[in-house]
Engineer: 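Encoded as structure tokens, here's the structure I'll be asking about.
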Amino acid sequence: LCIVVGIALGYALPGLFRAIASAEVARVNLVVAVLIWLMIIPMLLKIDLGALGSVRRHWKGVGVTLFINWAVKPFSMALLGTVFLGWLFRPLLPAADISSYIAGLILLAAAPCTAMVFVWSLLISVALYSVVPVIVAQLVRRALLSAGGQPTLDRMLARLGPVSLMALLTTLVLLFGFQGEAIIAHPLVIALIAVPILIQVYFNAGLAYWLSHRFGVAWCVAAPAAL
């Protein structure tokens, strides 16, 4: 639904989305930055860094996740992109853009989520979207626990949950709205690019869950690993 809404609004209100896209500092979009902070800081508040020592008990699950994310995703997408865009669909795509499409697919595969594609574009983005939110979230978490313990933290998480969800949905609307005109103008190209993406999503999820099952990873770790 967010994809459809974003495309429709981007096509109907191109001037608005161009204005939002132009709100940048050091090539970082300020609106997207705020939304991503609102999206991930509530999630990071749930993380207890003091419990990191217990991660070694789930080393198999961590290993599966790292293997899928860094040893499988980028390379499987490179293969699928080359096979589908560089070979099977080549006659249907602009020849000058094929290499860029494949590069974009690899970048998408290497990013944890669609919104975080922006993160890997600049080193400053890594600090802005990853390092700083972790620090802010841990400072807020400690303050809340000091003020009223776990119940206070739980109440804050309950309040911020809808905010995080709305920020995620709004980010998706913006990302697709920025490209609304281009998507409407090139529906066949978008549909063809979606084919390797869809195949890779199911392949990676299936492989991660199979590996987790094969190595006896607990379901509470195996399910996130498959995402």
Side-chain angles (χ1 to χ4, degrees), residues 1-3 5-6 20 23-70 73 108 110-178 205 208-209 212 217-227:
L1 180 59
C2 289
I3 295 174
V5 171
I20 296 175
E24 292 186 349
V25 174
R27 295 181 62 191
V28 173
N29 187 275
L30 299 180
V31 178
V32 173
V34 171
L35 288 172
I36 290 181
W37 270 48
L38 291 175
M39 176 179 67
I40 64 176
I41 286 181
M43 301 176 189
L44 294 172
L45 281 175
K46 300 177 183 179
I47 298 176
D48 180 9
L49 293 182
L52 287 178
S54 63
V55 170
R56 60 179 178 272
R57 291 184 299 163
H58 302 289
W59 66 270
K60 293 181 180 179
V62 174
V64 169
T65 301
L66 292 174
F67 174 73
I68 293 297
N69 282 329
W70 301 111
K73 280 186 176 181
L108 178 63
C113 70
T114 304
M116 294 297 283
V117 170
F118 284 108
V119 170
W120 306 116
S121 60
L122 289 170
L123 183 59
I124 189 175
S125 295
V126 177
L128 180 64
Y129 296 140
S130 300
V131 179
V132 176
V134 169
I135 295 173
V136 170
Q138 288 305 305
L139 291 175
V140 173
R141 177 186 173 88
R142 291 185 181 183
L144 291 172
L145 290 175
S146 298
Q150 189 64 41
T152 301
L153 176 61
D154 290 340
R155 286 194 295 271
M156 179 60 69
L157 289 174
R159 295 192 190 102
L160 293 178
V163 175
S164 179
L165 178 60
M166 286 303 300
L168 169 61
L169 298 179
T170 304
T171 301
L172 291 175
V173 170
L174 282 181
L175 295 183
F176 284 94
F178 290 153
Y209 200 80
S212 297
V217 178
W219 67 268
C220 58
V221 178
L227 297 177

Engineer: Return the set of residues passing side-chain contact (heavy atoms from CB on, under 4.5 Å) with Val173 (not counting sequence neighbours), or none when no residue passes.
Structural biologist: Cys2, Val5, Leu9

Engineer: For the CG atom of Leu165 and the CE atom of Met43, what is their distance to the nearest 0.5 Å?
Structural biologist: 8.5 Å

Engineer: So which atom in Asn29 and which in Val32 form the shortest heavy-atom distance, rounded to 0.1 Å?
Structural biologist: OD1-N, 2.9 Å

Engineer: Nearest 0.5 Å, please: how far is CG in Leu44 from CH2 in Trp37?
Structural biologist: 10.5 Å

Engineer: Only pairs at least two apart or in different chains count here, so list each side-chain hydrogen bond (donor to acceptor under 3.5 Å, both in side chains) that has a residue in residues 137-150.
Structural biologist: Gln150-Asp154

Engineer: In terms of heavy-atom contacts, does CG of Leu30 have more than 12 from other residues, nucleotides or ligands at under 6.0 Å?
Structural biologist: yes

Engineer: Which residues pass the side-chain contact (heavy atoms from CB on, under 4.5 Å) test with Leu35, sequence neighbours left out?
Structural biologist: Val31, Ala167, Thr170, Thr171, Leu174

Engineer: Nearest 0.5 angstrom please: Leu145 CG to Thr152 OG1, how far?
Structural biologist: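 It comes to 8.0 Å.
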
Engineer: Could you work out, with side-chain contact (heavy atoms from CB on, under 4.5 Å) as the rule, every residue matching Val34, not counting sequence neighbours?
Structural biologist: Leu38

Engineer: Return the minimal non-hydrogen interatomic distance between Ile68 and Ala208, and the atom names on each side.
Structural biologist: CG1-CB, 3.8 Å

Engineer: Just to verify, what does Arg159 make a side-chain contact (heavy atoms from CB on, under 4.5 Å) with, not counting sequence neighbours?
Structural biologist: Arg155, Met156

Engineer: What are the two closest non-hydrogen atoms of Val64 and Ser212, and how far apart are they?
Structural biologist: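 Closest approach of Val64 to Ser212: CG1-OG, 3.8 Å.
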
Engineer: Give, for atom OG1 of Thr65 and atom NE2 of His58, the distance between the pair rounded to the nearest 0.5 Å.
Structural biologist: 11.5 Å

